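Labels below follow one simple rule: chain letters A, B, ... track the order of the sequence lines, proteins then strands, and each chain is numbered from 1. What you are looking at is a predicted structure, and each value in this text was computed from that prediction instead of being measured.
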Amino acid sequence: ETGVTQSPTHLIKTRGQQVTLRCSSQSGHNTVSWYQQALGQGPQFIFQYYREEENGRGNFPPRFSGLQFPNYSSELNVNALELDDSALYLCASSLEASGRSYTGELFFGEGSRLTVL
Amino acid sequence: GDSVTQMEGPVTLSEEAFLTINCTYTATGYPSLFWYVQYPGEGLQLLLKATKADDKGSNKGFEATYRKETTSFHLEKGSVQVSDSAVYFCALVKAAQKLVFGQGTRLTINP
């Protein structure tokens with residue numbers, strides 16, 4: 001069983017640039033969530049995708065956008081990067097079904113560390 | 001809004017010591033509660049969970065009891081090992097399907 005993989009692991013961008021982060025979900029999982037973890041802080045929910053549709057969004061501006069593909073892999077795009085976007089971006093996958101109670105058992109990747117200069 | 005507050009770290013203990021990491025939450029309704037752990041160089045992993053009041057979650061010698069009257073979910077272990085060194089996150093979830101995490105507590109166990 002393949003776990004959650006993220007790429008790239010590290011990257012450096014300059015203010016105003018755009019970045020795309022990628023995530024392959026664990027085999028059999030249909031839901032992907034993205035979190036931002038600033039240094040010394042807990043992860044903050046960005047958004048979730050379920051069957052290629054956005055299914056919940058946290059308090060992040062529209063320049064944070066995402067996609068989920070038919071194979072359930074996902075991308076996080078951030079436009080017009082700001083210094084405060086420097087963080088570890090975590091992808092988590094889970095198997096969800098409509099109408100179910102949410103168990104909170106997410107399977108996380110190791111993250112993509114973004115530095116904005 | 002919903003929030004989770006953990007005891008400030010870092011926490012440093014000797015091997016075989018007793019561990020408590022405090023966690024309290026603020027939420028409407030009936031959230032489920034979790035402890036996640038992040039070992040060095042690895043992704044977050046679910047350590048244990050409890051879905052209703054008075055439930056006790058346990059795993060790898062760690063325990064936490066869902067106390068609705070005190071809105072707490074403190075993590076405990078009777079005898080810690082060097083391999084328990086990690087960052088521990090308390091979290092909650094409701095029907096909104098997003099985890100709300102505390103700020104994390106870094107634990108270091110010395111031999």
| Are the side chains of A/L106 and B/Y36 in touch, meaning some heavy atoms are under 4.5 Å apart? | yes
| said: Can you tell me which portion of A/Q6 sits under 4.5 Å from chain B's heavy atoms? Options are side chain, backbone, both or neither. | reply: neither
| query | For the candidates A/G42, A/G109, A/G40, A/G111, which exhibits the highest count of non-hydrogen atom pairs separated by less than 4.5 Å from chain B? | reply | A/G42
| task | Taking only Lys NZ, Arg NE, NH1 and NH2, and the carboxylate oxygens of Asp or Glu, determine whether B/D2 and B/K98 approach each other closer than 4.0 Å. | result | no
| query | Pick from B/A91, B/G104, B/G41: which one has the most heavy-atom pairs with chain A under 4.5 Å? | reply | B/G41
| said: Would B/F73 and B/F34 count as a ring pair (Phe, Tyr, Trp, His ring centres under 6.0 Å) here? Give the steps. | reply: CA-CA 8 Å; B/F73 193 54; B/F34 307 85; 8.1 Å; no
| field | Interchain contact, B/Q45 with chain A, by part (heavy-atom threshold 4.5 Å) | value | neither
| field | Audit row: B/S58, B/E63, side chain to side chain donor-acceptor pair (under 3.5 Å) steps and yes/no | value | CA-CA 4 Å; B/S58 62; B/E63 292 183 340; 5.4 Å; no
